[in-house]
J.: 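Let me give you the structure first, and then I'll get to my questions.
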Protein chains: 2
Amino acid sequence: MNKVFKALADPTRRRVLELLRQRPMTAGELSEHFEVSKPTMSAHFAVLREADLVDAHKQGVTITYRLKLSVLEEALLGFSQAFGIGAAPSADIPNIPPKETRS
Amino acid sequence: MNKVFKALADPTRRRVLELLRQRPMTAGELSEHFEVSKPTMSAHFAVLREADLVDAHKQGVTITYRLKLSVLEEALLGFSQAFGIGAAPSADIPNIPPKETRS
DNA sequence: GACATATTTCGATGATTAGCTAAATATCGA
DNA sequence: TCGATATTTAGCTAATCATCGAAATATGTC
């Protein structure tokens with residue numbers, strides 16, 4: 001789960017995931033959406049793979065990346081529920097009323 | 001939103017947020033839960049403030065940090081919804097006053 | 001086999017980050 | 001005012017990170 005959050009920390013990688021939400025795409029196809037070099041994109045893909053957020057499927061000379069939505073979902077939902085955010089079985093977690101002060 | 005994800009990328013900071021989920025705590029009180037130095041913790045607090053995930057309320061010599069749940073919620077839920085995850089919006093989460101830490 | 005294509009690995013670089021100790025700042029109580 | 005306490009700022013180091021160009025790897029085509 002730490003790796004997932006580390007992976008989500010970079011805007012490029014979050015954008016890659018959003019692109020993959022629509023359909024699987026090849027590395028080159030994904031790269032076209034960004035202005036960074038292909039080695040850099042490749043490194044981003046490696047981080048996403050390492051976090052198990054995508055899987056890579058090689059067909060011939062191309063590599064197709066596919067979003068592993070369940071992994072993203074589990075991490076995000078799991079974390080959210082620890083805070084009582086989102087769809088959650090009503091947990092007995094006390095919350096603090098907002099107060100909006102700053103020094 | 002980028003700052004929020006950057007802030008969430010560090011396990012210490014995620015843990016701080018989870019501690020603050022229960023009740024507001026002072027910087028020193030929070031620091032006791034970790035094995036890093038206080039200046040290091042102070043830097044983590046600064047990142048969380050910068051991401052607007054907490055706010056700081058100075059009372060006398062101590063500074064009390066409080067989780068801004070709505071900001072966390074908005075970021076997490078917003079991102080989740082881009083993926084169709086965790087569709088259900090947070091119902092009523094009971095707002096229970098903090099355990100009195102005598103001032 | 002030679003060549004083009006898709007992608008990764010290598011090696012380097014500059015930026016950011018987490019960590020530390022020491023020092024500064026601010027507040028409180030005597 | 002002095003000393004204790006809480007927290008931050010300053011200055012530093014080591015590690016991690018995003019990025020690049022060049023080279024390597026693998027595949028398909030002629």
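Atoms considered below: every heavy atom in the structure, side chains included; atoms not considered: hydrogens, waters and symmetry mates. We name chains A, B, ... by the order of the sequence lines, and we start the count at 1 in each one.
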J.: Do any N or O atoms from the side chain of A:R14 and from the backbone of A:L8 form a donor-acceptor pair under 3.5 angstrom?
T.: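 Side chain of A:R14 to backbone of A:L8: a pair is present.
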J.: Using atom types as modelled and distance alone, determine if a side-chain donor or acceptor of B:T40 lies under 3.5 Å from a backbone N or O of B:V36.
T.: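 No; zero donor-acceptor contacts below 3.5 Å.
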J.: So, is A:S37 near the phosphate of D:dT19, with a side-chain N or O under 4.0 Å from OP1 or OP2?
T.: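 The answer is no; no side-chain N or O of A:S37 sits under 4.0 Å from OP1 or OP2.
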J.: May I have the distance from A:K38 (atom NZ) to D:dC20 (atom P), rounded to whole angstrom?
T.: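 Those two atoms, NZ and P, are 13 Å apart.
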J.: Roughly how many Å is it from CG in B:L48 to P in C:dT17, rounded to a whole number?
T.: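 Nearest whole value for this atom pair: 13 Å.
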J.: Does B:H44 put a side-chain nitrogen or oxygen below 4.0 Å from OP1 or OP2 of C:dG19?
T.: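 Affirmative; the distance criterion is met.
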J.: Given atom CE of B:M41 and atom P of C:dA18, what is their separation to the nearest angstrom?
T.: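 These atoms are roughly 12 Å apart.
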J.: Given that A:E29 and B:V61 both sit by DNA chain C, which one's nearest nucleotide is further toward the 5' end?
T.: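 In this pair, the answer is A:E29.
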J.: Name the residue from B:E74, B:R21, B:E73 that meets the side-chain contact (heavy atoms from CB on, under 4.5 Å) definition with A:I85.
T.: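 The side-chain contact (heavy atoms from CB on, under 4.5 Å) with A:I85 is passed solely by B:E73 among B:E74, B:R21, B:E73.
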J.: Roughly, in whole Å, what's the span from CD1 in B:I63 to P in C:dC28?
T.: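 Value for this atom pair: 13 Å.
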J.: Within this structure, what is the NZ-to-P distance between A:K6 and D:dA18, rounded to whole angstrom?
T.: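 It works out to 10 Å between those atoms.
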J.: Taking the side chain of A:S42 as its heavy atoms from C-beta onward, which of C:dT9, C:dG19, D:dA18 lies nearest to it?
T.: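 Closest nucleotide among those given: C:dT9.
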J.: Roughly, in whole Å, what's the span from NZ in B:K58 to C1' in C:dC28?
T.: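 It works out to 12 Å between those atoms.
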J.: Do the side chains of B:D55 and B:R49 get close enough for a salt bridge, i.e. N-O under 4.0 angstrom?
T.: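 So B:D55 does not pair with B:R49 through a salt bridge.
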J.: Of A:R13 and A:Q59, whose nearest nucleotide on DNA chain D comes first from the 5' end?
T.: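 The residue whose closest nucleotide sits nearer the 5' end is A:R13.
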J.: Verify the contact: side-chain N or O of B:T26 to OP1 or OP2 of D:dT7, cut-off strictly under 4.0 Å; return yes or no.
T.: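 Yes, B:T26 has a side-chain N/O under 4.0 Å of OP1/OP2 on D:dT7.
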J.: Does OP1 or OP2 of C:dG19 have a side-chain N or O of B:T40 closer than 4.0 Å?
T.: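 Checking C:dG19 against B:T40, no side-chain N or O comes under 4.0 Å of OP1 or OP2.
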J.: Look at the side-chain N and O atoms of B:R49 and state whether any lies under 4.0 Å from the OP1 or OP2 oxygen of D:dT8.
T.: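 B:R49 to D:dT8 OP1/OP2: side-chain N or O found under 4.0 Å.
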J.: Closer than 4.0 Å, any side-chain N/O of B:Y65 to the OP1 or OP2 of D:dT8?
T.: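 Yes.
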J.: Give a yes or no on whether B:E35 atom CD has more than 12 heavy-atom contacts from other residues, nucleotides or ligands under 6.0 Å away.
T.: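 For B:E35, atom CD is not crowded (no more than 12 foreign heavy atoms under 6.0 Å).
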J.: Take atom CZ of B:F45 and atom C1' of D:dT9, then tell me their distance rounded to the nearest Å.
T.: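 Going from CZ in B:F45 over to C1' in D:dT9 covers 15 Å.
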J.: Categorize B:T62 for me: base, sugar-phosphate, or nothing, with a 4.0 angstrom heavy-atom threshold over every strand shown.
T.: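 Sugar-phosphate, backbone atoms only, no base.
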J.: For B:E35 and C:dA18, what is the distance between atoms CD and C1' respectively, to the nearest whole Å?
T.: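 That distance rounds to 16 Å.
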J.: Identify which nucleotide among C:dT8, D:dT19, D:dT9 has an atom closest to any side-chain atom of B:P39, counting heavy atoms from C-beta outward.
T.: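 Out of C:dT8, D:dT19, D:dT9, the nucleotide with an atom closest to B:P39's side chain is D:dT9.
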